[in-house]
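What follows is a single structure, written as structure tokens, with notes after it.
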Amino acid sequence: MLKIYNTLARDKQEFTPITPNTVSMYVCGMTVYDYCHLGHARVMVVFDMVYRWFKASGYDITYVRNITDIDDKIIRRAAQNNESIHQLTQRFIDAMHQDADALGVQRPDHEPRATQFVPEMLAMIAQLEANGLAYQAADGDVNYAVRKFDGYGKLSGKSLEDLRAGERVEVTTDKHDPLDFVLWKHARDDEADEVKWDSKWGKGRPGWHIECSAMGSKLLGEHFDIHGGGADLQFPHHENEIAQSEGAHNCQYVNYWMHNGFVRVDNEKMSKSLDNFFTIREVLKQYDAEVVRFFILRAHYRSPLNYSDAHLDDAKKALDRLYTALKGSGEAGGVDWNESHAQRFKAAMDDDFNTAEALAVLFDLANEVNRTQSAEAASQLKALGAVLGLLERDPTEFLQGTGSDDALIVEQIAARNAAKQAKNYAEADRIRKELLADGIVLEDSAAGTNWRRV
RNA sequence: GGUGCGUUAGCAAAUCGGUUAUGCCCCGGAUUGCAAAUCCGGUUAGCCCAGUUCGACUCUGGGACGCACCUCCA
């Protein structure tokens, strides 16, 4: 039985889908005005893992990850770059897809863009207005009246009083309450036509929060199973989504809220404002994408994850061990779920997606492969790895990686073997040492000499 | 100030009220011409203080420290 830590309950709960064997999952995606960094990589990889585990468990899952392609930062950046909003967002959507593909992240079933769902957002705002939860302020913005919604704060555990209205929230006099948030931003004269839509409240564009509410209910229904995102979205974004969706539809919005932990650098949250972020493509110049994926999955998704070269180096060595065990093994069959390792793996995954434990099982399995040379164990290792989107490449290809001239290495090895034949061990060792200096490790075996890059 | 989360061996990171986590590193042995890889074995834990218990790293209470949210943020 699958258990999920539900932020709404602050507890692990058994997962019961609304419709048997079916899962509807929405995850907040990126605002596309720049390259994705490792924090974004974590959301994508974590929920990709969740997506894969539901599928492996026999569920029919529909996964939606939105794209925010209209927003203040986008408008500002496009103006800076002197390009259109569409050019800018398309460029970074393409880049995001490249990064996600490299990390082995499967495409969600839907990737709705906010700009394509403006009519749905307007309909929802109208419904909120009709329900007495939204009002147009003097400045033209349409705001959500937070105090009119009883359940406000139930996700984040914050009470309106605790939020100390106005202390850190910029007070806009046109709002009825400082904590009211904007649903529809009135258009400004200096903005491009591209960011203006007609509405009964005048020209303008949607607020951030309404995007997810509208796209979620349009694609998954007014009530769906799982909503995910980074822990920083809990408040106010997800709290506001609940207020909007439940306020408009008068029914529960989401059953399970999942939040992944942050990627940190030097024990601080990786973020744009601290300027301590590494983009995915930057990291991939130095490390294999699968190593990065492994690094992310090696920790539990709710734990903080410290990023450093040392940690990536460590992950690389660990993953080397798994691939080394698979060297020379054939194609994997399907997972034999009755086998003991697979059962431990499943138990770990069913326990709130404990990939750290699931990977530990893979190492135990690697030990068995090394010890017994069992083809079944190797197949099982490969198959279980594939469930997590790992170990799917040719082991030799992975271990050798890419770098300077492979042909030259093969030549050197031949020369060394000749020296060995002649019992000229000094020469053989010299060649080996020379290769090692270039990061090439040789491994002699009965079948010949293998090599890999460290 | 309010709220939430965390503190496990040299590093990373899980589980669990009593029994080997796991990976990297380190030490010893096997193997090897020597290595590497692999196998076998080993060293190094549970922030502090109290309590519950036959027994606590694991439960309860208090404290210290760290992180996050309360503003856009994955």
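Sequence lines set the chain letters: A, B, ... in the order given, protein chains first and strands last, and positions in each chain run from 1.
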Checklist entry - So, does Arg293(A) use its side chain to make a donor-acceptor pair with the main chain of Leu388(A) at under 3.5 Å? => result yes
Checklist entry - Has Arg321(A) got a side-chain N or O lying under 4.0 Å from the OP1 or OP2 atom of C39(B)? => result yes
Checklist entry - Do any pairs count as a salt bridge (charged side-chain N to carboxylate O under 4.0 Å, His left out) and have a residue in residues 356-376 of chain A, sequence neighbours left out, and if so which ones? => result Arg344(A)-Asp364(A)
Checklist entry - When you check the side-chain N and O atoms of His311(A) and Ser308(A), is any donor under 3.5 Å from an acceptor? => result yes
Checklist entry - By a strict heavy-atom criterion of less than 4.0 Å, which residues belonging to residues 271-293 of chain A are in contact with RNA chain B? => result none
Item to check | Sidechain-backbone polar pair: Asp394(A) side chain, Thr396(A) backbone, donor-acceptor under 3.5 Å | outcome: yes
Checklist entry - Should Lys269(A) be listed as having a side-chain N or O under 4.0 Å from OP1 or OP2 of C69(B)? => result yes
Checklist entry - Is it true that a side-chain atom of Ser24(A) and a backbone atom of Thr62(A) form a donor plus acceptor pair closer than 3.5 Å? => result no
Checklist entry - Quick one: does Thr355(A)'s side chain have a donor or acceptor within less than 3.5 Å of a partner on Leu297(A)'s backbone? => result yes
Checklist entry - With sugar-phosphate meaning primed atoms plus P, OP1 and OP2, does Asp364(A) contact a base, only sugar-phosphate, or nothing at under 4.0 Å between heavy atoms? => result sugar-phosphate
Checklist outcome for this item: The side-chain hydrogen bond (donor to acceptor under 3.5 Å, both in side chains) partner of Arg453(A) among Thr402(A), Asp438(A), Asp320(A), Asp406(A) is Asp406(A)
Checklist entry - Can you give one letter per nucleotide of nucleotides 5-11 of chain B, 5' to 3': B if a protein heavy atom sits under 4.0 Å from the base, S if only from the sugar-phosphate, - if neither? => result -------
Checklist entry - Can you tell me how far C1' in U22(B) sits from the matching atom in G62(B), rounded to whole Å? => result 34 Å
Checklist entry - Is it true that Asp101(A) and Arg107(A) make a salt bridge, defined as a side-chain N closer than 4.0 Å to a carboxylate O? => result yes
Checklist entry - When you compare G23(B) with U19(B), how far apart are their C1' atoms, in angstrom units rounded to a whole number? => result 22 Å
Checklist entry - Mind checking whether Tyr152(A) and Tyr144(A) have ring centres under 6.0 Å apart? => result no
Item to check | Span that lies between the P atom of C69(B) and that of G61(B), in whole angstrom | outcome: 27 Å
Checklist entry - Is it true that a side-chain atom of Glu239(A) and a backbone atom of Lys154(A) form a donor plus acceptor pair closer than 3.5 Å? => result yes
Checklist entry - Which nucleotide sits closest to the side chain of Lys158(A): A37(B), C69(B), C34(B)? => result C69(B)
Checklist entry - Mapping Ala318(A) and Cys28(A) onto RNA chain B by nearest heavy atom, which one lands closer to the 5' end? => result Ala318(A)
Checklist entry - Could you write out RNA chain B as a dot-bracket string, with dots for unpaired bases, | for bases paired across to another strand, and Watson-Crick or G-U pairs counted at under 3.5 Å? => result (((((((..(((.....[...))).(((((.......)))))....(((((..]....))))))))))))....
Next on the checklist: If we ignore hydrogens and angles and just use 3.5 Å, is the side chain of Gln400(A) paired with the main-chain N or O of Trp451(A) as donor and acceptor?
Outcome noted: yes
Next on the checklist: Please give the distance between the C1' atoms of C26(B) and A45(B) as a whole number of Å.
Outcome noted: 16 Å
Item to check | Euclidean distance for P, G1(B) against G63(B) (whole angstrom) | outcome: 13 Å
Checklist entry - Contact class for Lys327(A) (heavy atom, under 4.0 Å): base, sugar-phosphate, or nothing? => result nothing
Next on the checklist: Can you tell me if Asn367(A) touches the phosphate of U22(B), counting only side-chain N or O atoms and a distance under 4.0 Å to OP1 or OP2?
Outcome noted: no
Next on the checklist: Strictly below 4.0 Å, N to O, side chains only: are Glu191(A) and Lys185(A) in salt-bridge contact?
Outcome noted: no
Next on the checklist: Between Asp69(A) and Thr115(A), do the side chains contain a donor N or O and an acceptor N or O under 3.5 Å apart?
Outcome noted: yes
Checklist entry - Can you tell me how far C1' in U15(B) sits from the matching atom in C54(B), rounded to whole Å? => result 24 Å
Checklist entry - Between residues 439-454 of chain A and RNA chain B, which residues have a heavy-atom gap below 4.0 Å? => result Val441(A), Leu442(A), Glu443(A), Asp444(A), Arg452(A)
Item to check | U43(B) and A35(B), which share atom name C1', separated by this distance in whole Å | outcome: 25 Å
Next on the checklist: Let's test your reading of the model: under 3.5 Å, does the base of A13(B) pair with the side chain of Arg298(A) as donor and acceptor?
Outcome noted: no
Next on the checklist: Tell me if the aromatic rings of Tyr63(A) and Tyr26(A) count as close, with their centers under 6.0 Å from one another.
Outcome noted: no
Checklist entry - When the C1' atoms of C16(B) and U8(B) are considered, how many whole Å apart are they? => result 13 Å
Checklist entry - When you look at Asp313(A) and Lys317(A), which way does the salt bridge (charged side-chain N to carboxylate O under 4.0 Å, His left out) test go after all the steps? => result CA-CA 6 Å; Asp313(A) 290 338; Lys317(A) 285 181 182 169; over 6 Å; no
Item to check | Any residue of residues 373-401 of chain A with a heavy atom less than 4.0 Å from an atom of RNA chain B | outcome: none
Checklist outcome for this item: Heavy-atom nearest pair, Gly385(A) first then Leu362(A), reads CA-CD2, 4.1 Å
Item to check | Which residue lies more 5' along RNA chain B, comparing Arg264(A) with Asn260(A) via nearest heavy atoms | outcome: Arg264(A)
Checklist entry - Does any donor atom in the side chain of Asn6(A) or Asp11(A) lie under 3.5 Å from an acceptor atom in the other side chain? => result no
Item to check | Heavy-atom donor-acceptor pair, Arg432(A) side-chain to C34(B) base, under 3.5 Å | outcome: yes
Checklist entry - Is it the case that Arg65(A) places NZ or CZ above or below the six-membered ring of Phe47(A), under 6.0 angstrom from the centre and within 45 degrees of the axis? => result no
Next on the checklist: Could you tell me how far apart Asp99(A) (CG) and A74(B) (P) are, to the nearest whole angstrom?
Outcome noted: 14 Å
